[in-house]
Amino acid sequence: MENEIKLETNNLASQIKYIGALNGYTITKIKEEVNRKYNKTDSNRNLSNKFRNKTIRVNELVEILDILDYEIYIHKR
């Protein structure tokens, strides 16, 4: 697949920042767009804490990736 990235839990925040940068987004801009599109009020600090504590939910990751125009695919190793 073109532009395929394997996400890893150890550095998920860095990977999201990298994908965002490729698309002209900062974490702040990503969170603003998620809040606007999905009618949320979460803060950047809240998102940073979820990445650091590895407590981000799949639906939150899907929303972030939607903003960045990516999808999640699961395949057997």
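Contact check for Ile64 versus Ile56: side-chain heavy atoms found under the 4.5 Å cut-off. A 4.5 Å side-chain heavy-atom check between Thr26 and Ile30 finds every atom pair outside the cut-off. Between Asn35 and Thr41 the shortest side-chain heavy-atom distance does not fall below 4.5 Å. By the 4.5 Å heavy-atom criterion applied to side chains, Asp69 and Asn23 are not counted as neighbours.
The number of heavy-atom neighbours closer than 6.0 Å to NZ of Lys40, taken from other residues, nucleotides and ligands shown, is above 12.
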Using distance only, find each side-chain donor-acceptor pair of residues 46-54 under 3.5 Å and give its atom names and separation, not counting sequence neighbours.
unit_1, atom_1, unit_2, atom_2, d
Ser48, OG, Asn44, O, 3.1
Asn49, OD1, Arg52, NH1, 2.9
Asn49, OD1, Arg52, NH2, 2.9
Asn49, ND2, Arg45, O, 3.4
Lys50, NZ, Glu60, OE2, 2.2
Asn53, ND2, Asn49, O, 3.2

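Not counting sequence neighbours, the partners of Glu71 by the side-chain hydrogen bond (donor to acceptor under 3.5 Å, both in side chains) test are Tyr73. Under the salt bridge (charged side-chain N to carboxylate O under 4.0 Å, His left out) criterion, Arg36 pairs with Glu33, sequence neighbours left out. Every side-chain hydrogen bond (donor to acceptor under 3.5 Å, both in side chains) that Asp66 has, sequence neighbours left out, goes to Lys37, Tyr38. Residues satisfying the salt bridge (charged side-chain N to carboxylate O under 4.0 Å, His left out) criterion with Lys17, sequence neighbours excluded, are absent altogether. Considering only residues two or more places apart in sequence or on other chains, Ser14 meets the side chain to side chain contact (heavy atoms under 4.5 Å, CB included) condition with Asn11.
Separation of atoms NZ (Lys6) and CD (Glu4) is listed at 10.0 Å; rounding is to 0.5 Å. Interatomic distance, Leu61 CG to Ile72 CD1, rounded to the nearest 0.5 Å: 4.5 Å. In this structure, OH on Tyr25 lies 13.0 Å from CD1 on Ile19, to the nearest 0.5 angstrom.
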